[in-house]
Asker: 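So that we are looking at the same thing, I have put the structure below in structure tokens.
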Amino acid sequence: MLQVQFIRDNKDVVLAGLAKRNFADAETIINDVLQLDETRRSTQVSLDNVLADSNKLSKEIGSLFKSGEVQKANLLKEKTSQLKESGKELTEQLNNVTAKLQDLLYQIPNVPHASVVAGTNEEDNEEIFREGTVPDLGDKALPHWELAKKYDIIDFDLGAKISGAGFPVYKGKGARLQRALINYFLDKNTGAGYNEVQVPHLVNEASGFGTGQLPDKEGQMYHVTADDLYLIPTAEVPITNLYRGSLVKEADLPITLTGYTPCFRREAGSYGAHVRGLNRLHQFDKVEIVRVEKPENSYEALNGMVEHIKGILRELKLPYRILRLCGGDTGFTAALTFDFELYSTAQERWLEISSASNFETFQANRLKLRYKNSEGKNQLAHTLNGSSLALPRVLAAILENYQTADGIKIPEVLVPYCGFDMIN
RNA sequence: GGAGAGGUGGCAGAGUGGUAAUGCAGCAGCCUGCUAAGCUGUCAUCCUUCGGGAUGCCCGGGUUCGAAUCCCGGUCUCUCCGCCA
């Protein structure tokens with residue numbers, strides 16, 4: 001959520017930023033926000049004055065009672081009723097205007113970073129880096145869902161039986177490879193200084209609000225209505241919310257965390273060939289990294305995260321590219337996002353496997369995540385996160401890119417984690 | 001699931017109807033020479049015409065001239081019992 005003060009002071013910047021996202025009616029909404037803010041402030045001044053008068057009277061009445069002047073006190077009491085009335089009215093007005101303002105603020109996405117280009121969808125994203133070689137598999141290359149069947153390592157039908165489509169069952173070496181990937185990713189992250197955490201997979205409403213999944217992405221999360229909890233769509237939610245409402249010491253920054261969780265997404269509205277196999281699931285595993293940073297360090301930190309993820313993909317020897325998302329494709333809460341995509345040789349398409357973002361103060365403002373700066377003042381921190389990595393598509397890419405006539409080779413770095421070097 | 005206790009600033013911790021003590025930590029300044037201490041101010045949020053004003057004691061209502069304090073509802077934590085991996 002943007003800060004009203006920021007909008008007030010940087011209206012042009014905000015409008016220009018929202019334009020890069022093709023955010024409809026930006027001008028109207030921003031003007032409404034400013035208008036409501038003004039009304040809010042003037043209403044508050046009026047209310048404050050009424051309350052001040054009322055407080056003054058109360059004090060007088062109090063001291064009159066103390067000195068035994070009951071009659072005078074009772075006379076003053078009558079005067080308070082009118083103040084009470086207008087106080088009530090003004091309070092109602094204030095609540096009203098504040099709620100409206102809040103509603104509007106919740107609808108405004110983050111202002112993109114200066115480096116983000118305008119654009120409407122993924123076609124406008126900029127490729128900024130590419131590395132690794134695409135293996136030549138000839139025309140006998142199988143897509144991962146066929147490989148999974150051939151070697152009996154992932155069973156989509158079984159998953160469909162016990163849960164539904166999009167809930168695969170990993171078996172044998174497939175299950176072991178999953179576990180290997182999780183451990184490998186976590187080791188890479190902790191090796192880079194991230195502190196490992198294990199967090200709940202169900203979160204309350206406040207947490208959903210804190211990181212921005214609620215209210216607008218309500219339909220994407222599984223909602224356990226009996227207890228009013230949500231299954232997490234990403235570890236970002238519980239991990240970032242660890243610091244909701246916190247005032248951290250400057251010396252404790254940066255806070256760097258990593259955690260493995262399953263992720264649950266309803267993916268309402270998804271269909272077609274692009275959701276086959278592991279491409280899009282309702283439940284998948286992911287290892288996440290999260291950082292809380294001082295504002296002046298957050299972009300350097302984002303670059304550090306990008307470099308870190310690059311390192312992992314290099315070790316896995318998978319062909320990948322990095323995109324800087326355009327305004328229209330950048331998530332609601334992010335200011336700058338880099339997507340990592342692996343090349344799926346058999347499907348001949350790029351698969352997103354990581355997204356690293358800087359949210360600046362957008363989440364922190366909702367989370368009330370502040371730190372005491374060097375002047376002793378409380379200041380909103382910057383939050384960042386990235387996947388390192390999302391498992392299913394990495395697995396898909398490994399299966400497809402490492403397939404041979406004899407079976408699927410295991411990438412070297414994963415062999416110690418798997419305990420085997422071939423799936424056949 | 002049943003019973004009880006509790007939720008006060010960054011932290012600790014008073015306050016049971018008259019308008020949030022105190023300590024520690026942080027920040028600024030002053031002073032002092034001895035392993036850092038002392039003193040002063042500041043130290044939640046909003047508004048402000050920069051004089052101040054308002055709000056704030058888990059959340060939402062209510063009673064009252066006046067609520068951290070009393071009442072009702074909710075929520076969370078802790079303890080005990082029950083159930084149980």
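Residue numbers begin at 1 in each chain, while the letters A, B, ... track the order of the sequences.
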Asker: Write out a two-atom table: protein N or O, nucleotide N or O from nucleotides 58-66 of chain B, distance below 3.5 Å.
Answerer:
| residue | atom | partner | partner atom | Å |
| --- | --- | --- | --- | --- |
| B:C65 | O2' | A:Ser58 | OG | 3.1 |
| B:G66 | O4' | A:Ser58 | OG | 3.3 |

Asker: A:Glu196: which residues meet the salt bridge (charged side-chain N to carboxylate O under 4.0 Å, His left out) condition with it, sequence neighbours left out?
Answerer: none
Asker: Base, sugar-phosphate alone, or nothing: which one does A:Leu247 contact when heavy atoms must sit under 4.0 Å apart?
Answerer: sugar-phosphate
Asker: Taking it one step at a time, do A:Glu126 and A:Arg324 satisfy salt bridge (Lys or Arg N to Asp or Glu O under 4.0 Å)?
Answerer: CA-CA 5 Å; A:Glu126 302 172 278; A:Arg324 186 198 286 119; 2.9 Å; yes
Asker: If we call it a pair only when both distances are under 3.5 Å in a Watson-Crick or G-U wobble match, what pairs with B:G51?
Answerer: none
Asker: Restricting to nitrogen or oxygen on both sides, can you table the protein-nucleotides 50-56 of chain B pairs closer than 3.5 Å?
Answerer:
| residue | atom | partner | partner atom | Å |
| --- | --- | --- | --- | --- |
| B:G53 | N2 | A:Asp48 | OD2 | 3.0 |
| B:A54 | OP1 | A:Asn55 | ND2 | 3.2 |
| B:A54 | O2' | A:Asp48 | OD1 | 2.8 |
| B:U55 | OP2 | A:Asn55 | ND2 | 3.3 |

Asker: Tabulate atom names and distances for all N/O pairs under 3.5 angstrom spanning the protein and nucleotides 27-29 of chain B.
Answerer:
| residue | atom | partner | partner atom | Å |
| --- | --- | --- | --- | --- |
| B:C27 | O2' | A:Glu375 | O | 3.0 |

Asker: When both hydrogen-bonding distances must be under 3.5 Å and the geometry is Watson-Crick or G-U wobble, what is B:G6 paired with, if anything?
Answerer: B:C76
Asker: Name the pairing partner of B:G26, where a pair is Watson-Crick or G-U wobble with both distances under 3.5 Å, or state none.
Answerer: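 Paired with B:U42.
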Asker: Mind running a 4.0 Å heavy-atom check of residues 361-372 of chain A against RNA chain B and sending the residues that fall below it, in number order?
Answerer: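 Output list: A:Arg370, A:Lys372.
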Asker: Is there a side-chain contact between A:Arg41 and the phosphate of B:U49, meaning an N or O under 4.0 Å from OP1 or OP2?
Answerer: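 It does not, given that no N or O in the side chain of A:Arg41 lies less than 4.0 Å from OP1 or OP2 of B:U49.
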Asker: Taking N or O atoms only and anything under 3.5 Å, show me the protein contacts with nucleotides 39-41 of chain B, one pair per line.
Answerer:
none

